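Working notes for the structure below.
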Amino acid sequence: MEIAAHVRMPRNEAEAVAMQVELAGCVVAADDDRPVDTVAGLDIAYDKDSDTAVATAVVLRRSDLAVLDEAVVHGTSDFPYVPGLLAFRELPLLLKAIEALTVEPDLYLCDGYGLTHPRRFGLACHLGVVLDAPAIGVAKNPPHLPVAGPGPARGDWSPITAGEETVGCALRTRDGVKPVYVSVGHRRTLASARELVLELAPRYRLPEPIRAADQLGRKRLAETR
DNA sequence: GCGACAG
DNA sequence: ATCTTGTCGC
């Protein structure tokens, strides 16, 4: 409770970068023993012409993708969008939405990068480390890094590399459809992250938890204005 | 060398 | 992120 209120926020970009470098050392890219039975999808929708933002968290049961819980929080982001610093813009509101949940999920799916990040500390890593919970980053756009196009079939994937290290992968979740970009957030290996995302996206390009959060946010934003 | 990078 | 509905196709 009150996690959002305890998150350290930088006063400027330089501080933000320093925080990322420092916290990046906390990321654990290994699977823990705990079973993943419930997964939360997170997202934020922004109003076209106001500073209103709506953060949503939707918890789905892994076995049948049934919705178990939803949370919606309205607010404002004071931190601007800066490539590489997305977490500072979205984390506060996302944490509030998570606090509003009554079901604590076993895994968090974030919109954006995890280790696929200039300092290996994207939104999914930040959220995972702050909550000390398993987290995976799922981005809709590729990073500016070498990425071979994965095969054309669902399940095909290819690594995203930064020098010698593999920082994520492009994963085809639907035949012939643009891939999504998966990376480790926290407490998960890239292999299991990739398998989970594929499993959670049986029908559409994006995994169901994220789609659910996406739709809920858009809907509530439309109703609110 | 510089710039570019999720939402 | 956001501007944007229906429509063509598998």
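Everything quoted here is computed from the prediction, not taken from an experiment. Each chain gets a letter, A, B and so on, in the order its sequence line appears, and its residues count up from 1.
Phosphate proximity of C:dA1 to A:Lys140: present, with a side-chain N or O under 4.0 Å from OP1 or OP2. Put simply, A:Asn141 has no side-chain N or O that comes within less than 4.0 Å of OP1 or OP2 on B:dC5. A sub-4.0 Å separation between OP1 or OP2 of B:dC5 and a side-chain N or O of A:Tyr113 is absent.
Evaluation of A:Tyr81 against the base of B:dG7 yields a stacking contact (centre distance < 5.5 Å, interplanar angle < 30°).
The CG-C1' distance, from A:Leu115 to B:dA6, rounds to 14 Å in whole Å. The separation between A:Gln20 atom CD and B:dA6 atom C1' is 12 Å, rounded to whole Å. The nearest whole Å value for the distance from the CG atom in A:Leu109 to the P atom in B:dA6 is 19 Å.
Between A:Phe88 and A:His126, the ring planes lie perpendicular to each other; the angle is over 60°, past the 30° to 60° tilted range.
A:Ile160 comes within contact range of no nucleotide atom at all, as no heavy-atom separation falls under 4.0 Å.
Under a 3.5 Å cut-off, the side chain of A:Arg89 and the backbone N or O of A:Phe79 do form a donor-acceptor pair.
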Strand DNA chain B in bracket notation, Watson-Crick/G-U under 3.5 Å with | for pairs to another chain: .......
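Comparing C:dA1, B:dC5, B:dG7 by their closest approach to the side chain of A:Arg218 singles out C:dA1. The side chain of A:His144 sits closest to B:dA4 out of B:dG7, B:dA6, B:dA4.
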